[in-house]
Every structure is written in C-alpha cells, then in structure tokens.
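Let me begin by presenting the structure, written as structure tokens, before commenting on it.
Side chains included, hydrogens not; waters and symmetry mates left out as well; all remaining heavy atoms used.
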Amino acid sequence: LDRLTHHYGTKSIEVKKYLLKLDKKLRRIKFDVLLSDHGMMDVKEIISVPKTKICFIDSTMARYWFDKPKLPINKGKLIKADKKFGHTIFLANPGILILPNYWQGSKPVKAMHGYDPKNENMKAFYLIKKRGKRRDLHIKDLRRIVFNKSLQCVRK
C-alpha cells in the first residue's frame, strides 16, 4: 500500500482496488489491534532546500548540523533541534515534497508520508477487530494492550 500510494497518489483507482483486496484479506485474519506508523498525503508542491557539508535531506524534513542555511520558512517550519538529530531541523508543510532528497533523488512521487500529527491525513491509525468497542483509544491504552498480551505469551 505504501509503494502504491507513493506511485499513484492516495485517491487513485490502483490504491482503491488494492484497499478492497486488503479489506477482504483482513476479514479472514484473526487480530486484536492493527497499527500503522504514519499517514499519507498527496503531494501538492515540490520545493528544494540548500545542501550543506553536513546535512540529511529527507522527503519532508531537512536536518543540518552546524550550518544555518536560508530555508523556505513559508513552506514549512523549524522544529525543536537536538544535536543528535541536527542543530537546525526543517519540516515541510503537509503536501510539500523536498527534492532532491536522499531517498528519491530528483524523482517526484504522487504522495508522501509525513510526521505532523496535527494534520489528519498524517496521523497513524489503528483497527480493532469487530469485538472491540473502543473508539477513543489512546497510545497509553495500546501500550497496555500490547504489554498485557506479551505477558500472557510469556506465562504460557
């Protein structure tokens, strides 16, 4: 699904067909909770950022050590920096792809994941099998479920 959405976009017929197939498969599998690690959003704009001596440019984020390059702040925001992950960290706005980057080179994609949980399209999601009733599940609840399951496995 990840590869298809990158290639065709989130609303493409290819993605819709695959989701129908995936839905049929999931109905037959026994599971309690299924999680994603990120959402996906169609690319609306492509920007570039400066390349410096020590930087890592990802598809939606650029990290710089020691340098403070001139960044397109109107196309994203600076996020809290940490020397380990970069002295300056730029996160592109949802729907913006940074090219060139170290993953795609200069080749654009139709959709991209991002990591801004304030944007609905980028939130991770969870599925609970039919017998689950919760609709307001939080991460602390998921940790408790996973932790309890692992303890049950250890006891057996």
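- The minimum heavy-atom distance between P100 and I57, with the atom names listed, is O-CG2, 3.6 Å.
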(request) I would like to know whether D2 and H6 meet side chain to side chain contact (heavy atoms under 4.5 Å, CB included); could you show each step before the answer? (result) CA-CA 6 Å; D2 190 72; H6 282 304; 3.2 Å; yes
Using distance only, find each side-chain donor-acceptor pair of residues 63-73 under 3.5 Å and give its atom names and separation, not counting sequence neighbours.
{"from": "Y64", "atom 1": "OH", "to": "P50", "atom 2": "O", "distance (Å)": "2.6"}
{"from": "W65", "atom 1": "NE1", "to": "K83", "atom 2": "O", "distance (Å)": "2.8"}
{"from": "D67", "atom 1": "OD2", "to": "T52", "atom 2": "OG1", "distance (Å)": "3.3"}

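- Clustering ILVMFWY residues whenever any of their side-chain heavy atoms sit less than 4.5 angstrom apart, transitively, puts M40 in a cluster other than the one holding L26.
- For the salt bridge (Lys or Arg N to Asp or Glu O under 4.0 Å) test, no residue two or more places apart in sequence or in another chain qualifies with K51.
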(message) Apply side chain to side chain contact (heavy atoms under 4.5 Å, CB included) to residues I96 and V43 and explain how you reach the verdict.
(response) CA-CA 6 Å; I96 293 181; V43 172; over 6 Å; no
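- Under the rule for a salt bridge (Lys or Arg N to Asp or Glu O under 4.0 Å), the partners of K75 that lie at least two apart in sequence or sit in another chain are E45.
- With hydrophobic clusters built from ILVMFWY side chains whose heavy atoms lie under 4.5 angstrom apart, L91 does not share a cluster with L78.
- Shown here for E14 and L4, the closest heavy-atom pair between the two residues is O-CD1, 4.3 Å.
- Here D42 pairs with T10, K11, A111 under the side chain to side chain contact (heavy atoms under 4.5 Å, CB included) rule; sequence neighbours left out.
- Residues that satisfy the side chain to side chain contact (heavy atoms under 4.5 Å, CB included) test with Q104, not counting sequence neighbours, are S59, L97, L99, N101, V109, M112.
- Considering only residues two or more places apart in sequence or on other chains, F85 meets the ring pair (Phe, Tyr, Trp, His ring centres under 6.0 Å) condition with none of them.
- Here the CG atom belonging to D23 is positioned 10.5 Å from the CZ atom belonging to R28, to the nearest 0.5 angstrom.
- Note: D58 CG to T60 OG1 = 5.5 Å, rounded to the nearest 0.5 Å.
- Residue G86 comes nearest to A81 through the heavy atom pair O-CB, 3.3 Å, listed as atom of the first residue, atom of the second, then distance.
- Residue F56 is not grouped with residue I79 when hydrophobic side chains (ILVMFWY) are merged at heavy-atom distances under 4.5 angstrom, including chains of intermediate members.
- Two different hydrophobic clusters hold M61 and Y102 under the rule that ILVMFWY side chains link at heavy-atom gaps under 4.5 Å.
- A distance of 13.5 Å separates SG in C55 from CZ in F90, rounded to the nearest 0.5 Å.
- The two residues G9 and S12 make their nearest non-hydrogen contact at O-OG, 3.2 Å.
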